[in-house]
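Each residue takes its place number in the sequence, starting with 1.
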Amino acid sequence: MIGVGKAKQYGNVLDKPLTRGKQEVSLSAFAFLFSELVQYNQTQVDNIGELERRLEDAGYAVGARVLELLCHRDKGNRRETRLLGILSFVHSTVWKVLFGKVADSLEKGTEHEDEYMISEKELLVNKFISIPKDMGTFNCGAFVAGIVRGVLDGAGFPAVVTAHFVPMEGQQRPRTTILIKFAEEVLQREARLG
């Protein structure tokens, strides 16, 4: 019968299961949409810091939704309760869902106990971006920093998350490091759980 299939089984879109489905988005489509997001926000601000903050806010909303989806789909609505568990979850599971691979590295800061870094040699949001000279240190990685902050906040690990360029020897383009500085309450809770 024409027009009768699986879609007819569900009376409401909310009744459909959250199956994995197709997980890939065209890279050119993503690059175009992200470029439009950056250009739109660029017209709304006066300086680079404000532009990065707006990109981070957009990423925060994505991160909160990604956490909900992954916890529901993969973990049976359970969330990580330990610091290293949530960092590993972001470094591997979240990164793989968003970028198709695990992040290049996850490191603990050497100077401060509350700092962790996720490094990516060529972050997807910076891959097709050329920054004009007048924009100086503008980093589109602020969007990814917002995603990480959204995931961490949603999981109960408040943190300040920022994106930085780090020059690499022998490489033309610098790598992007997502710096995560956890709130004091997170470290106190982790010490109690010991």
Side-chain angles (χ1 to χ4, degrees), residues 7 10 12-14 16-74 86 89-106 117-155 159-166 171-180:
Y10 306 105
N12 187 341
V13 72
L14 298 175
K16 290 183 180 181
L18 289 174
T19 58
R20 291 189 182 274
K22 186 177 179 184
Q23 292 185 2
E24 292 183 13
V25 174
S26 165
L27 185 57
S28 59
F30 171 78
F32 175 73
L33 288 173
F34 187 72
S35 169
E36 289 297 313
L37 174 71
V38 172
Q39 289 177 32
Y40 171 75
N41 282 306
Q42 191 175 0
T43 63
Q44 305 296 311
V45 299
D46 296 327
N47 59 40
I48 294 167
E50 183 68 17
L51 177 57
E52 286 180 342
R53 189 195 61 72
R54 287 180 70 117
L55 287 177
E56 184 182 339
D57 289 346
Y60 183 90
V62 172
R65 287 169 177 81
V66 164
L67 175 69
E68 291 296 324
L69 177 66
L70 292 177
C71 284
H72 179 72
R73 181 189 289 163
D74 297 340
I86 193 68
F89 176 72
V90 170
H91 170 261
S92 59
T93 307
V94 171
W95 222 263
K96 195 166 189 174
V97 165
L98 294 176
F99 305 115
K101 68 180 194 79
V102 174
D104 290 342
S105 69
L106 170 64
M117 296 168 279
I118 298 175
S119 296
E120 186 70 39
K121 184 177 176 184
E122 198 165 333
L123 192 62
L124 183 64
V125 295
N126 288 330
K127 192 172 189 176
F128 302 108
I129 300 290
S130 58
I131 301 169
K133 297 260 188 237
D134 65 329
M135 293 189 76
T137 61
F138 172 64
N139 189 342
C140 288
F143 180 74
V144 177
I147 292 173
V148 171
R149 187 170 65 91
V151 169
L152 293 174
D153 273 0
V160 175
V161 184
T162 53
H164 304 277
F165 285 127
V166 177
Q171 299 290 326
Q172 182 181 359
R173 295 178 66 111
R175 75 176 183 199
T176 303
T177 298
I178 306 296
L179 180 65
I180 304 165

[X] atom [atom1]: more than 12 heavy-atom contacts under 6.0 Å:
{"X": "Phe32", "atom1": "CZ", "result": "no"}
{"X": "Lys101", "atom1": "NZ", "result": "yes"}
{"X": "Arg65", "atom1": "CZ", "result": "no"}
{"X": "Asp46", "atom1": "CG", "result": "no"}

Query - Derivation of the side-chain contact (heavy atoms from CB on, under 4.5 Å) call for Tyr60 and Ile147 - result: CA-CA 5 Å; Tyr60 183 90; Ile147 292 173; over 6 Å; no

Requested in this report: Tell me, please, which residues at least two apart from Phe34 pass ring pair (Phe, Tyr, Trp, His ring centres under 6.0 Å).
Outcome: Phe30, Phe143

Looking at [X] and [Y], what are the two nearest heavy atoms and their distance?
{"X": "Val38", "Y": "Leu51", "value": "O-CD1, 4.1 Å"}
{"X": "Ala145", "Y": "Val161", "value": "O-CG1, 3.4 Å"}
{"X": "Ile178", "Y": "Gly141", "value": "CD1-O, 4.0 Å"}
{"X": "Leu67", "Y": "Gly154", "value": "CD2-C, 3.3 Å"}
{"X": "Ala142", "Y": "Ala163", "value": "N-CB, 3.7 Å"}
{"X": "Ala103", "Y": "Ile118", "value": "CB-CG2, 3.6 Å"}

Requested in this report: Give the C-alpha distance, both sets of side-chain angles, the deciding distance and a yes or no for side-chain contact (heavy atoms from CB on, under 4.5 Å) between Val148 and His91.
Outcome: CA-CA 9 Å; Val148 171; His91 170 261; over 6 Å; no

Query raised in the report: Measuring from Lys121:NZ to Ser105:OG, what's the distance to the nearest 0.5 Å?
Result: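 Rounded to the nearest 0.5 Å, the NZ-OG separation comes to 12.0 Å.
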
Report task. Evaluate the criterion side-chain contact (heavy atoms from CB on, under 4.5 Å) for residue pair Asp104 and Trp95; output intermediate values, then yes/no. Result -> CA-CA 10 Å; Asp104 290 342; Trp95 222 263; over 6 Å; no

Requested in this report: For the pair Arg54 (side chain) and Val45 (backbone), establish whether a donor and an acceptor sit closer than 3.5 Å, ignoring hydrogens and angles.
Outcome: no

Query raised in the report: Hey, is the main chain of Thr177 close enough, under 3.5 Å, to the side chain of His164 for a donor-acceptor pair?
Result: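 Not a single qualifying donor-acceptor pair exists.
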
**Report entry** Lys/Arg-Asp/Glu bridge criterion (N-O < 4.0 Å) met for Glu56, Arg53
**Finding:**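 Judged by the 4.0 Å cut-off on N to carboxylate O distance, Glu56 and Arg53 do not form a salt bridge.
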
Requested in this report: Inspect the contact between Lys127 and Glu120 and indicate whether a charged nitrogen and a carboxylate oxygen are less than 4.0 angstrom apart.
Outcome: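 So Glu120 does not pair with Lys127 through a salt bridge.
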
Query raised in the report: Would Thr162 and Asn139 satisfy side-chain contact (heavy atoms from CB on, under 4.5 Å), going step by step from the backbone distance to the final call?
Result: CA-CA 10 Å; Thr162 53; Asn139 189 342; over 6 Å; no

[X] side chain near [Y] side chain, heavy-atom distance below 4.5 Å:
{"X": "Leu124", "Y": "Leu27", "answer": "yes"}
{"X": "Arg173", "Y": "Asn126", "answer": "yes"}
{"X": "Asp57", "Y": "Arg149", "answer": "yes"}

